Trainee: 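Sharing a structure with you now.
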Amino acid sequence: MSESRTARTYNQNHVPRPHTPGRRRVSIYVSWSYPAEAGRNPAELDNRFSTMTEVRRVSWPAYEDPRWSDPLRFQQGIAGVLELFFWGWAPFQRFVEETTGHPVPVYQRVDQAGFRTVLDERVLADTDTLLVFGLDHMVTGQEAEPGEIEALRDFLAREGTCLVLGPHHDVGASDDLAVRDAEYHHHGDPLVPRQQRFARYVRGLMWGLGVPVENRYGLRPAVREAGKIAPLSADRDLDAKGWLNGVTTFNFHMHLPHYAVTSDGPDVVHVLGRQPIDLSRPPHPFTEAGNTEFNMFLWMPPAGDRAGDVLLADSTIFSSLFGGDESLRAFWRNIATVK
């Protein structure tokens, strides 16, 4: 992760980007309340992000450089980990700006200073592709408002728009503690608690927009070599727009959600990419049911009054924290340039 090439600014409003034919305007919306996440009690075992101190201990010595470990330079509580997300998204933002000529703003539902931004015309008017990262812990109570759902319907009624929904994992949904423990040992990440349920906000958007998908579990993807995720099982015959052109793999993350399709309707949702599961890991209820892959990348083509596309893709795919190669950059390019 490199330092910014220019001086950083903060505490100012977004400058709207003019429509430019052939150059998409991409925006990111993070569904969390930063204060609610950063203010979670570290003594609580479940449903919170790690502190930076915990990350340093588990990942030692990866974050022992003073820029991460010096408390006078970097926050050591939960807030420090939230800031790592922003570091991780910066390469995607730079890549898209270099590709499209437009900067990529990052909005937060509630930011560090307590400013609340709902999804309305302030966000949507100068956006062609909107990525909504569902990183709000359910316990923080982030709810999609009716006005936001209506605003997104209007957004998707515009020709050429694209909505990328990224609800994160849902670990430990069962009340059975033995099942929670089995899930934990399957994914094997010591920084993820036995229960970590995300994306109340994005689930509300999906329900309101009629997206028949639900984020479930946190599954360990198979690897082809150390730290390299196994190739996707891609259904390229269904990929009429070329979302996966030049894409064979995403990036490795220890626990990824299964995007379960909850409708039997034909052609409503196309599962374009399935990820093989690491079956050498301890069993998980999902694998014990006979599953060897999980749904990783989904597409809802335009239908009815909806002229825009809807995609399902986890936020980790857009973060450099979890690695990346030319295949991942090809995916980013497709997202930024799709016709």
Side-chain angles (χ1 to χ4, degrees), residues 1-20 23-39 49-53 55-56 59 61-133 135 164 166 251 315-325 328-329 332-333 335-337:
M1 293 180 285
S2 61
E3 297 283 353
S4 175
R5 300 172 188 171
T6 58
R8 289 178 58 83
T9 62
Y10 182 60
N11 207 31
Q12 63 184 24
N13 290 344
H14 171 63
V15 177
R17 299 158 293 183
H19 172 71
T20 310
R23 291 166 50 197
R24 300 188 70 79
R25 297 163 295 178
V26 178
S27 303
I28 295 172
Y29 186 83
V30 186
S31 63
W32 63 33
S33 163
Y34 188 106
E37 300 293 352
F49 288 109
S50 304
T51 65
M52 191 63 196
T53 303
V55 169
R56 287 174 51 211
S59 304
Y63 289 98
E64 290 310 292
D65 186 283
R67 66 174 173 169
W68 312 118
S69 61
D70 183 350
L72 299 182
R73 295 179 58 182
F74 200 79
Q75 300 184 76
Q76 297 301 297
I78 293 173
V81 168
L82 300 186
E83 293 302 327
L84 285 182
F85 282 96
F86 293 109
W87 276 86
W89 294 324
F92 172 74
Q93 292 174 265
R94 287 196 297 268
F95 180 91
V96 172
E97 182 172 3
E98 291 167 359
T99 302
T100 66
H102 289 299
V104 179
V106 177
Y107 302 96
Q108 298 177 75
R109 188 160 186 77
V110 184
D111 72 9
Q112 290 90 330
F115 288 95
R116 186 170 185 265
T117 301
V118 298
L119 278 178
D120 57 21
E121 280 301 291
R122 295 173 301 165
V123 175
L124 300 173
D126 78 326
T127 297
D128 303 307
T129 296
L130 176 68
L131 293 84
V132 183
F133 293 162
L135 289 165
V164 184
N251 48 359
S315 59
T316 54
I317 299 171
F318 303 95
S319 175
S320 65
L321 289 177
F322 310 108
D325 55 15
L328 188 68
R329 286 185 286 274
W332 291 358
R333 187 177 297 108
I335 292 292
T337 61

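These values consider heavy atoms only, across backbone and side chains, with no hydrogens, waters or symmetry-generated copies. Note that this is a predicted model, so its numbers are computed, not measured.
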Trainee: Between Phe92, Phe49, Phe133, which is the residue that forms a ring-ring contact (aromatic ring centres under 6.0 Å, His included) with Phe85?
Mentor: Phe49

Trainee: Thr129: which residues meet the side chain to side chain donor-acceptor pair (under 3.5 Å) condition with it, sequence neighbours left out?
Mentor: Arg24

Trainee: At their closest point, which heavy atom of Ala113 faces which heavy atom of Tyr10, and how far apart are they?
Mentor: N-OH, 3.7 Å

Trainee: Using a 3.5 Å distance criterion without hydrogens, assess whether the side chain of Gln108 forms a donor-acceptor pair with backbone atoms of Val30.
Mentor: no

Trainee: Quick one: side chain to side chain donor-acceptor pair (under 3.5 Å) partners of Glu37, sequence neighbours excluded?
Mentor: His137

Trainee: Could you tell me which non-hydrogen atom of Ser27 sits nearest to which non-hydrogen atom of Thr127, and how far apart they are?
Mentor: OG-OG1, 2.7 Å

Trainee: Quick one: are Val164 and Phe318 in side-chain contact, heavy atoms under 4.5 Å?
Mentor: yes

Trainee: Once salt bridge (Lys or Arg N to Asp or Glu O under 4.0 Å) is applied, do any residues pair with Arg23, and if so which ones, sequence neighbours excluded?
Mentor: none

Trainee: Step by step, work out the side-chain contact (heavy atoms from CB on, under 4.5 Å) result for Trp89 and Val104.
Mentor: CA-CA 10 Å; Trp89 294 324; Val104 179; over 6 Å; no

Trainee: Are more than 12 heavy atoms, taken from residues, nucleotides or ligands other than Phe115, located less than 6.0 Å from that residue's CZ atom?
Mentor: no

Trainee: In chain order, what residues pass the side-chain contact (heavy atoms from CB on, under 4.5 Å) check against Glu121, with sequence neighbours excluded?
Mentor: Leu124, Ala125

Trainee: With sequence neighbours excluded, what pairs up with Phe74 under the ring-ring contact (aromatic ring centres under 6.0 Å, His included) test?
Mentor: Trp68

Trainee: Checking Arg17 side chain against Arg25 main chain: does a donor-acceptor pair fall under 3.5 Å?
Mentor: no

Trainee: Taking the side chain from Trp332 and the backbone from Ile317, do they hold a donor-acceptor pair closer than 3.5 Å?
Mentor: yes

Trainee: What is the minimum heavy-atom distance between Val81 and Ser50, and which atoms define it?
Mentor: CG2-O, 3.2 Å

Trainee: Quick one: side-chain contact (heavy atoms from CB on, under 4.5 Å) partners of Asp325, sequence neighbours excluded?
Mentor: Arg224, Thr249, Ser327, Leu328

Trainee: Within the distance-only criterion (no hydrogens, no angle test), does the side chain of Asn251 pair as donor or acceptor with the backbone N or O of Thr316 below 3.5 angstrom?
Mentor: yes

Trainee: Ignoring hydrogens and angles, state whether a donor on the side chain of Arg329 or Thr99 is under 3.5 Å from an acceptor on the partner side chain.
Mentor: no

Trainee: Looking just at side-chain N and O atoms, do Asp126 and His102 make a donor-acceptor pair shorter than 3.5 Å?
Mentor: no

Trainee: Check whether Tyr34 reaches the backbone of Leu82 with its side chain - one donor and one acceptor, N or O, closer than 3.5 Å.
Mentor: no

Trainee: Give every residue pair that meets the salt bridge (Lys or Arg N to Asp or Glu O under 4.0 Å) criterion with at least one member in residues 105-115, sequence neighbours excluded.
Mentor: Arg109-Glu145, Arg109-Glu148

Trainee: For Thr51, which residues count as a side-chain contact (heavy atoms from CB on, under 4.5 Å) partner, sequence neighbours excluded?
Mentor: Pro42, Arg48, Thr53, Glu54, Ile78

Trainee: Considering all heavy atoms of both residues, which atom of Tyr29 and which atom of Val118 are nearest to each other, and what is their separation?
Mentor: OH-CA, 3.8 Å

Trainee: Who pairs with Tyr107 by side chain to side chain donor-acceptor pair (under 3.5 Å), at least two apart in sequence or on another chain?
Mentor: none

Trainee: Looking at CD of Gln93 and CD1 of Ile28, how far apart are the two atoms once the value is rounded to the nearest 0.5 Å?
Mentor: 5.0 Å

Trainee: Of all the heavy-atom pairs spanning Leu131 and Val26, show the shortest one and how long it is.
Mentor: CD1-CG1, 3.4 Å

Trainee: The criterion is side chain to side chain donor-acceptor pair (under 3.5 Å); which residues satisfy it with Ser33, sequence neighbours excluded?
Mentor: none

Trainee: For residues Arg56 and Gln76, determine if any side-chain heavy atom of one lies less than 4.5 Å from a side-chain heavy atom of the other.
Mentor: yes

Trainee: Quick one: list whatever passes side-chain contact (heavy atoms from CB on, under 4.5 Å) with Pro66, sequence neighbours left out.
Mentor: Asp70, Arg73

